[in-house]
2 protein chains.
Amino acid sequence: MPATRTSSETPGETTGARSSGELARPLAPSEGVTARSADTEDRADRHVARWRDHWIDVDFDDEIEAITVRIGLISKFFDDARAAAASEVGLADFEYKTLHMLMIRDTPGHASPTALAKDLDISPAGMTGRLDSMEKAGWVRRTASVEDRRKISVEATKAGIEIWRRAMDLRGEAETRLLETLSPERRTELAALLKQLTLRIEDE
Amino acid sequence: MPATRTSSETPGETTGARSSGELARPLAPSEGVTARSADTEDRADRHVARWRDHWIDVDFDDEIEAITVRIGLISKFFDDARAAAASEVGLADFEYKTLHMLMIRDTPGHASPTALAKDLDISPAGMTGRLDSMEKAGWVRRTASVEDRRKISVEATKAGIEIWRRAMDLRGEAETRLLETLSPERRTELAALLKQLTLRIEDE
DNA sequence: GACGAATAGTTCGCCAGCGAAGTAGCTTCC
DNA sequence: GGAAGCTACTTCGCTGGCGAACTATTCGTC
């Protein structure tokens with residue numbers, strides 16, 4: 001347990017972990033941050049500022065807090081974009097997610113219900129429900145395996161693949177639109193920094 | 001609509017948008033990426049590689065795809081950490097989220113149900129349900145307003161505040177543990193890059 | 001000062017997902 | 001070769017959330 005963040009009631013005692021200082025920091029050391037991004041507050045900045053006002057006895061590193069908030073905001077943006085893309089073409093969010101997972105796996109277009117459930121982080125029971133409604137809608141098909149009659153293969157239908165592709169294109173547009181805010185060099189930097197974190201996560 | 005990503009069936013026609021090339025890129029141009037992070041694949045790398053193998057006719061920028069996948073993974077890590085912290089102290093995930101939103105707002109500890117529902121991105125009906133069960137559990141209290149009898153104020157109880165603080169400390173530990181993977185300078189870089197994106201999002 | 005519109009919150013019926021229990025089929029091993 | 005145990009999927013009852021009415025109160029306007 002590093003970074004012991006006690007609920008101590010000693011207000012002024014936590015200066016050590018704090019980052020530089022007031023809200024509009026002088027300018028990040030990393031070269032070439034645009035003026036706009038340096039002196040304009042985003043929601044994360046405002047959150048941290050409010051936090052400092054009201055919960056002065058909580059020992060938080062401002063920058064870590066800001067990063068987690070921003071990751072959450074960006075992730076929400078992607079989630080919303082995905083949901084919007086799905087509904088645009090007439091898919092429920094869960095239908096898109098299921099089709100997507102089905103298509104991007106190493107055996108594109110078919111999988112066992114259990115494997116799919118694991119990938120989607122839902123229970124086997126939930127998977128059954130999804131497949132029931134999606135089979136009825138015509139996006140997937142269940143076919144029994146011959147060599148092991150317990151096994152079932154879920155396959156995307158032609159219609160399912162088609163509609164998924166349309167939703168995916170819309171979704172990709174939104175993602176691209178956002179990330180083109182950054183220059184290619186910046187994107188490479190960002191990708192590398194994020195990768196350090198995902199590798200850490202995969203190490204458990 | 002930038003980045004027209006059609007569902008065209010012309011496989012080799014999309015080379016323009018691709019980033020550098022094979023999976024293990026020579027090494028990102030950004031200074032000082034650790035060796036480990038440059039030559040080890042993470043889940044996003046594997047996803048992109050598989051993608052390229054199976055969906056060669058889809059026009060994706062590898063790096064943009066990798067970034068979105070990584071943001072998703074990191075966000076999921078934070079979500080899981082939050083849920084684990086909540087259950088550790090005996091709170092349902094939705095209870096923690098509600099208490100948290102109640103406490104971090106500019107009027108810490110109390111708010112109207114509608115305002116809270118908006119912040120939490122759930123419906124008014126859902127809010128009523130949450131408050132019913134949380135009031136029964138003793139984490140919040142509903143008090144009627146005097147000057148406008150339609151209005152209700154939701155307030156966190158002492159017990160609610162206490163248990164929220166305990167969960168939050170646990171959650172913060174997990175976040176700190178992950179982000180300490182990066183040096184303070186790297187964290188500053190990351191925060192700045194992410195801020196460019198959140199500012200863009202806030203611009204709509 | 002009274003009637004219509006707007007607002008705050010609750011109630012109702014529905015749906016997606018979960019956990020636990022149930023069923024069916026394969027595998028192992030004596 | 002058959003009983004025990006594992007695996008794959010389904011069924012059932014419950015819960016959190018949504019959207020759409022509904023109730024109560026205030027505001028706006030003439």
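So that the names make sense, note that chain A is the first sequence line, chain B the second, and so on, each numbered from 1.
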* Check whether any side-chain nitrogen or oxygen of B:Thr114 sits under 4.0 Å from OP1 or OP2 of C:dT7, and answer yes or no. => no
* **Whole-Å gap separating P (D:dC9) and NZ (A:Lys118)** => 10 Å
* Only one of A:Asp45, A:Thr40, A:Asp42 passes side-chain hydrogen bond (donor to acceptor under 3.5 Å, both in side chains) with B:Lys195; say which it is. => A:Asp45
* In terms of the angle between their ring planes, are A:Tyr96 and A:His100 parallel, tilted or perpendicular, with boundaries placed at 30° and 60°? -> parallel
* Asked: In Å and rounded to the nearest 0.5 Å, what is the CG to CD1 distance from B:Leu193 to A:Ile74?
  -> 9.5 Å
* If we only count heavy atoms from C-beta on, is the A:Arg43 to A:Arg70 side-chain gap below 4.5 Å? -> no
* **Step-by-step salt bridge (charged side-chain N to carboxylate O under 4.0 Å, His left out) determination, A:Glu175 to A:Arg171** => CA-CA 6 Å; A:Glu175 291 168 356; A:Arg171 177 196 176 179; 3.0 Å; yes
* Asked: Taking CZ from B:Arg149 and P from D:dT25, how many angstroms apart are they, rounded to a whole number?
  -> 6 Å
* Between CG of A:Asp93 and CG of A:Asp79, what distance do you get to the nearest 0.5 Å? -> 7.5 Å
* Scan residues 120-146 of chain A against DNA chain D and write down, sorted by residue number, each residue with any heavy atom closer than 4.0 Å; if none is found, say none. => A:Pro124, A:Ala125, A:Thr128, A:Arg142
* For B:Ser153 and for A:Lys97, locate the closest nucleotide of DNA chain C by heavy-atom distance; then report the residue assigned to the nucleotide nearer the 5' terminus. => B:Ser153
* Out of curiosity, B:Arg52 CZ to B:Glu65 CD, how far, rounded to the nearest 0.5 Å? -> 11.0 Å
Provide a list of protein-nucleic acid N or O atom pairs under 3.5 angstrom, restricted to nucleotides 2-7 of chain D.
unit_1 : atom_1 : unit_2   : atom_2 : d
D:dT7  : O2     : A:Arg150 : NH1    : 3.3

* Asked: Do B:Glu155 and B:Thr157 have side-chain N/O donor and acceptor atoms under 3.5 Å apart?
  -> no
* For the pair made of NZ in B:Lys151 and C1' in D:dT26, what is the distance, rounded to whole Å? -> 9 Å
* Tell me yes or no: between the side chains of B:Thr98 and B:Arg130, is some donor less than 3.5 Å from an acceptor? => yes
* To do: Using whole Å, report how far CD1 of B:Ile152 lies from C1' of D:dT26.
  => 15 Å
* Strand contacts (DNA chain C) in residues 79-95 of chain A, 4.0 angstrom heavy-atom criterion -> A:Phe94
* Check whether any side-chain heavy atom of B:Leu99 lies under 4.5 Å from a side-chain heavy atom of B:Met134, and answer yes or no. => yes
* Name the one of B:Arg187, B:Glu185, B:Glu180 that satisfies side chain to side chain contact (heavy atoms under 4.5 Å, CB included) with B:Ser183? -> B:Glu185
